[in-house]
Amino acid sequence: MSEVVLDVRNMSVALGPHLAVKEISYQIHAGEILGVVGESGCGKSLTSLAVMGLLDKKLALSGEILFAGENLVGMSEKRYQHIRGEGIGMIFQEPMTALNPVVTVGEQVSEMFLVHEGVSKAEAMNRAIEMLRQVHIPYPEKRAKAFPHELSGGMRQRVMIAMALACKPKVLIADEPTTALDVTVQAQVLDLLEELRETTGTAIQFISHSLGVVSQISDRVMVMYAGQVVEIADVNDIFDNPQHPYTQALLDTIPRVGVDIKRLPAIPGSVPPLDQRGDNYTFRDRCPELFDHYTQLAKQRNEQMVRGY
Ligand SMILES: Nc1ncnc2c1ncn2[C@@H]1O[C@H](COP(=O)(O)OP(=O)(O)OP(=O)(O)O)[C@@H](O)[C@H]1O
Ligand SMILES: [Mg+2]
């Protein structure tokens, strides 16, 4: 496999005595799309904010985050600002909160070139228009003069992607970038991310609570439950031979051809708040019957595979 660009080792995020992210380890390779999936409260956003150095001050980070051989944990804010522009970019679920409402989108994208590359204002604007073109915004010269509220949700997300990719980061973290969009626009943004991975070689950590969405775009999938990584595997293996009961439970909630949509089971309950998890809390504590049922299924499947039928 290609070079490792991001290497997270035993990373934890604690809120007082409670671990919101619990000793997780994962790697992202150059040019790959790693999907991160799990229900609300599983720690997906905290994982990405930790990597970006943007965690709330009241949360304590430990472990190692190696980027290009450098440990980002404990790094100075000044150095981090440099990494955030040129090393790791991030896009969020709702671009309206990340964009400045009173500055044109062209100026906001060109700011990236002004700050990180020190080019002239005119040159920065030309580069910004090029970036808007690259993310398939129609009439980029004209749209560059628009304010964020004058664009649709899908177009605003494209502007965010243009900003994040302006400095050619090695890794792009996309935290639920399509959740607020309707299904057609969502599909267009997924296509765009895939295309940009091909053309720029940027690796993408793509986060969603939906395994269906994650599987459309990812090479590998990391499944999180209550702050822990329960499974990381190739996307095909996740579908064909899921190992962890939680992965299997998530899979059974995805509508698939030939399966009656009305009969799709939901996973009972929800991920408990941090202070109600207990030290060794797992998915088994939430749904013991489901846990045992899926554990048995995985065992049978693996026995069949060993026997070869
Ligand atoms: N700033 C914070 N202070 C205290 N607790 C937090 C903070 N941010 C997140 N948490 C808690 O940490 C846990 C993980 O949160 P996180 O936002 O990472 O979940 P998520 O997987 O991104 O969920 P969602 O799908 O809802 O975005 C949750 O229990 C959440 O309430
Ligand atoms: Mg989140």
Side-chain angles (χ1 to χ4, degrees), residues 5 28 30-36 48 52 84-117 119 121-208 213-214 216-219:
V5 281
I28 300 183
E32 103 167 315
I33 301 185
L34 175 74
V36 180
S48 26
M52 292 300 285
R84 278 201 286 266
E86 295 165 30
I88 313 175
M90 185 160 177
I91 53 176
F92 300 90
Q93 176 172 343
E94 187 25 83
M96 213 46 197
T97 54
L99 290 169
N100 187 337
V102 297
V103 178
T104 66
V105 297
E107 280 174 285
Q108 293 190 59
V109 180
S110 55
E111 181 75 13
M112 302 301 292
F113 296 111
L114 285 174
V115 171
H116 291 281
E117 299 191 13
V119 295
K121 259 190 142 170
E123 169 66 13
M125 185 54 84
N126 284 338
R127 300 267 294 272
I129 290 168
E130 261 331 292
M131 265 329 287
L132 296 177
R133 198 188 313 279
Q134 204 183 336
V135 297
H136 306 307
I137 290 184
Y139 313 108
E141 289 89 354
K142 196 168 141 220
R143 291 287 161 79
K145 298 193 183 86
F147 291 94
H149 71 268
E150 296 176 291
L151 301 179
S152 67
M155 285 299 144
R156 284 200 287 266
Q157 198 52 280
R158 285 169 193 266
V159 172
M160 283 306 302
I161 296 171
M163 281 174 73
L165 289 181
C167 297
K168 301 193 172 62
K170 283 204 165 65
V171 181
L172 174 69
I173 300 181
D175 191 355
E176 309 250 8
T178 63
T179 306
L181 305 173
D182 68 47
V183 178
T184 321
V185 181
Q186 174 175 302
Q188 290 165 358
V189 172
L190 291 180
D191 283 348
L192 172 67
L193 288 173
E194 244 185 325
E195 180 195 319
L196 292 170
R197 180 267 292 268
E198 294 300 322
T199 52
T200 65
T202 301
I204 302 176
Q205 177 171 327
F206 181 91
I207 297 159
S208 173
V213 172
V214 157
Q216 288 175 43
I217 186 170
S218 307
D219 302 308

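Side-chain contact of Thr97 with Glu94: a donor-acceptor pair under 3.5 Å is absent, judged by distance alone. Under 3.5 Å, the side chains of His136 and Glu195 contain a donor-acceptor pair of N or O atoms.
When all heavy atoms of Ala128 and Ser110 are compared, the closest pair comes out as CB-N, 3.6 Å. Of all non-hydrogen atoms in Phe113 and Ala166, the two that sit nearest each other are CE2-O, 3.4 Å. The shortest heavy-atom contact between Arg158 and Gln188 is NH2-CB, 3.4 Å. Gln157 approaches Gln93 most closely through the heavy-atom pair NE2-O, 3.5 Å. Summarising the geometry of Met52 relative to Arg84, their closest heavy-atom pair is O-NH1, 2.8 Å, with the distance given to 0.1 Å. Minimum heavy-atom separation, Gly31 to Ala203: N-CB, 3.7 Å.
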Could you go step by step and tell me if Thr200 and Gln134 meet the side chain to side chain contact (heavy atoms under 4.5 Å, CB included) rule?
CA-CA 11 Å; Thr200 65; Gln134 204 183 336; 3.7 Å; yes
Test Phe206 against Leu193 for side chain to side chain contact (heavy atoms under 4.5 Å, CB included), laying out the working first.
CA-CA 10 Å; Phe206 181 91; Leu193 288 173; 3.9 Å; yes
Stepwise side chain to side chain contact (heavy atoms under 4.5 Å, CB included) check, Val36 with Val214:
CA-CA 7 Å; Val36 180; Val214 157; over 6 Å; no
Can you check side chain to side chain contact (heavy atoms under 4.5 Å, CB included) on Val189 and Ile161, steps first, answer last?
CA-CA 9 Å; Val189 172; Ile161 296 171; 4.0 Å; yes
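The pair Glu86-Lys170 fails the salt-bridge criterion, with no side-chain N (NZ, NE, NH1 or NH2) lying under 4.0 Å from an Asp/Glu carboxylate O.
In this structure, CG on Asp191 lies 9.0 Å from CD on Gln216, to the nearest 0.5 angstrom. If you take CD1 on Ile33 and CG on Asp219, they are separated by 6.0 Å, rounding to the nearest 0.5 Å. The CG atom of Leu172 lies 8.5 Å from the CG atom of Leu196; values are rounded to the nearest 0.5 Å. Taking CE of Met112 as the start and CE of Met131 as the end, the distance is 9.5 Å to the nearest 0.5 Å. Put simply, CD on Gln205 and CG on Asp175 are 9.0 Å apart, with the number rounded to the nearest 0.5 Å. Interatomic distance, Thr178 OG1 to Glu176 CD, rounded to the nearest 0.5 Å: 7.5 Å.
Here the side chains of Met163 and Leu99 are in contact, with some heavy-atom distance below 4.5 Å.
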Side-chain donor-acceptor pairs under 3.5 Å in residues 138-155, sequence neighbours left out?
unit_1	atom_1	unit_2	atom_2	d
Glu141	OE2	Arg133	NH2	3.4
Glu150	OE1	Phe147	N	2.6
Ser152	OG	Met155	N	3.3

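In this structure Ser48 satisfies the side chain to side chain donor-acceptor pair (under 3.5 Å) test with no other residue, sequence neighbours excluded.
Put simply, the residue from Leu34, Thr202, Val5, Ile204 that forms a side-chain contact (heavy atoms from CB on, under 4.5 Å) with Val171 is Val5.
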